[in-house]
Engineer: 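Take a look at the following structure, please.
Every chain is numbered from 1 and lettered A, B, ... according to where its sequence line falls, protein lines coming before strand lines.
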Amino acid sequence: MLVGPVRGIAIAGGGVAWPARVVDNVAALRTVVRDLDDERVAFMAKEGVADALGIERRAWAHVPGTPFDHATEETTATLAVRAARAALADAGVGDVPLVICATATPPRMTSSIAAFVGAELGMRAACIDIRTGCSGGLVALLTASLYLAAGTTRVLVIGSETFSKIIPKASKVAAVTLGDGAAAVVVERRDEDEGAITGFMETDGALGVLATAPGALPPTHDEIDRGAYELAGEPDELAAVVPGKYAEAIQAVLRRTDTSAAEIDLFVPHQTTRPLIEAVAEKAGIAREKIFTNVAEHANVGSAALLGALVEARAAGRVPKRKRVLMAVVGGGMTWASAILET
Amino acid sequence: MATREEVYAQLRSILIIDFSVTPEKIGEEATFRGQMGLDSLDTVDLIYLLKKTFRLENVRTHDFRDLHTMRQVVDFLVAHGKE
C-alpha cells in the first residue's frame, strides 16, 4: 500500500527515553553464558558482537533470566511517557489531539499504551496503539500523516519496546542484539510547500512465524514453563527473507516519488546490525556516508529504533530543511515499510 | 604435528562437549550453522576454542569466514595449527 505524498507536514519535535541500566556486550552475554571463563566471553563480545555486528551496548529495563519486578522495572508504557514528554517539550507544545503508539512488547494483555501516555500527560486526545513489530514506528508515522491529510492538526507518534522481557533465556544472539527504549516525534500540519512524506507499507502474515513470541493469551503455566512468551522463530530463514523486503520497500517509495538513490540526502533505516544496514544501503545504491545509525549505542529497539534514529539524527543536525530523508524497516508480522520525508 | 584424524577427533570432541552437538550430526560435510545448530556467536566461540587448542597465533576470526563444514575447518586446522 502506498501512502501519499502527504504535503504540508513537518516534524516539530522529538524525544527519546532509555532505561537507566546500560549493559555492555560482556554483561549481555553473561545473562546467557554464566559458566564460561572471562577471556572466552570477552572474545565473543568483541569479535562476535562489536566487530561483527557493530553493537557496543544497549539499555535494559529488565535483566533477562531473572524474575520480573513489575513494581520497580520500567515498562514499555513508562518509557513511552518519558519519550513523549521529551518530544512535546522539544516541539514546544503541551497538548495534541491524537496519540499513536507502536509496540511489539505491550505491558498489558488489554488496554492501550497510547491511552496510558495520554492519561499521564493529562490529555484527552484520541489514542491508538499500533502492532506491526519493528515496523511500528514508521507505520505509526505514516498513519499519523494520513490523519494530518484528513485535517488533524498535530499527532504525537511513539515507538516503545522492552525487548529485555522477552529475550529467550538461552539465546546469546537475542541478548546482544535487542535493547529497550522509546522514541517519539510530534508531527504537525504546515503550509503545503513546507514538507511532505510519501510512504509504503505491506505485510505477509504467513511469514509471522519467523519472529514471534508464540504463546497464546491468556498465559498458561505450561506455556510459560516452555518459554512460549519469549521471542522465537527461524533466524536463518528470517535473515534470508529480510534483505529482499527492504529492497522492495525502498524501490516502491523511490518509484512513487520519482527519486533516484543519489538524490537521497540521508538514510535512516531500522537499527538492526551494522552489516545488514550497510548491505541494505549498498543494494539500494545509497552511499555509506548518508547512513545514520545509532545501533552501536542502543542495539535493536524494535518500533522505537527507526524513530529513535530519526530523533537523534535531527538532534545532530543531520535533518535540515529542504532535504530528502529515506527511511526503511522490516519487522515481525512480517511487515515492511518505507518512507521519504521531505523536510 | 597432529594427524588429520586427530584434528578431526579434537574438533568433534569440542562440538560435543562445549556446544552439545549430538554425535550423529557430526560428519565431514556437516555444516556448523545449519546441520549442527550453532548460531553466529557459537561459531565465534568455536573459533576462540580452536585458536587456543591448535595455537593459531596468526589466524584471525575473519579467516574462518568461508569455512562452513567440518571438512573445511579440519583442513584449515591441519594447514595452520601448531599442535
Side-chain angles (χ1 to χ4, degrees), chain A residues 23-56 58 64 167-178 210-211 230-240 242 272-276 279 299-300, chain B residues 7 10-27 29-73 76-77 80-83:
Chain A
V23 181
D24 66 18
N25 291 335
V26 168
L29 285 168
R30 277 285 177 217
T31 65
V32 181
V33 289
R34 293 181 168 81
D35 54 341
L36 302 187
D37 68 64
D38 288 345
E39 186 183 345
R40 190 167 160 186
V41 176
F43 184 87
M44 225 185 313
K46 181 184 180 300
E47 304 265 340
V49 187
D51 293 352
L53 304 178
I55 297 170
E56 299 282 354
R58 76 289 296 143
I167 288 174
K169 293 175 185 65
S171 175
K172 297 187 291 296
V173 174
V176 299
T177 55
L178 298 175
L210 298 186
E230 299 168 355
L231 194 60
E234 303 292 339
D236 289 340
E237 283 184 52
L238 188 70
V242 162
T272 50
T273 65
R274 188 180 59 207
L276 176 60
N300 179 351
Chain B
V7 169
Q10 276 188 291
L11 175 54
R12 183 176 182 277
S13 174
I14 289 170
L15 289 165
I16 293 169
I17 293 168
D18 290 280
F19 298 96
S20 303
V21 178
T22 52
E24 59 269 24
K25 290 184 178 173
I26 302 172
E29 302 307 326
T31 56
F32 297 97
R33 291 289 301 276
Q35 285 146 312
M36 289 187 264
L38 272 60
D39 65 28
S40 60
L41 286 171
D42 288 331
T43 60
V44 174
D45 193 23
L46 175 61
I47 290 167
Y48 170 84
L49 294 175
L50 295 179
K51 284 166 69 88
K52 282 277 186 189
T53 304
F54 295 95
R55 295 191 292 142
L56 303 170
E57 288 154 12
N58 297 317
V59 169
R60 300 165 303 159
T61 300
H62 184 78
D63 297 328
F64 286 87
R65 195 169 72 166
D66 297 322
L67 308 180
H68 305 295
T69 66
M70 279 288 282
R71 181 190 304 279
Q72 289 170 330
V73 170
F76 181 86
L77 295 173
H80 295 87
K82 290 182 180 169
E83 184 174 89

Engineer: Please find the pair of heavy atoms, one from A:V173 and one from B:S40, that lie closest to each other, and give the distance.
Structural biologist: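 Closest approach of A:V173 to B:S40, heavy atoms only: CG2-OG, 3.6 Å.
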Engineer: Need one label for A:L29: side chain, backbone, both or neither, based on atoms under 4.5 Å from any heavy atom in chain B.
Structural biologist: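 A:L29 touches chain B through side-chain heavy atoms alone.
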Engineer: Could you look at A:D37 and say if it's the side chain, the backbone, both or neither that has a heavy atom under 4.5 Å from chain B?
Structural biologist: side chain
Engineer: Taking B:D18 first and then A:R40, would you say they form a salt bridge - that is, a charged N and a carboxylate O separated by under 4.0 Å?
Structural biologist: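 Result for this pair is yes, salt bridge flagged.
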Engineer: So, applying side-chain contact (heavy atoms from CB on, under 4.5 Å) with B:L41, which one of A:V33, A:V49, A:L53 is it?
Structural biologist: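 For B:L41, the side-chain contact (heavy atoms from CB on, under 4.5 Å) check succeeds only for A:V49.
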Engineer: Would you mind reporting whether A:F43 and B:K51 have side-chain heavy atoms less than 4.5 Å apart?
Structural biologist: yes
Engineer: I'd like to check B:D45 versus A:L36 (side-chain heavy atoms, cut-off strictly below 4.5 Å). Are they in contact?
Structural biologist: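 Yes, their side chains come closer than 4.5 Å.
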Engineer: Give, as side chain, backbone, both or neither, the part of B:R33 having an atom under 4.5 angstrom from any heavy atom of chain A.
Structural biologist: both
Engineer: Answer with side chain, backbone, both or neither: which region of A:V176 has an atom nearer than 4.5 Å to a non-hydrogen atom of chain B?
Structural biologist: side chain
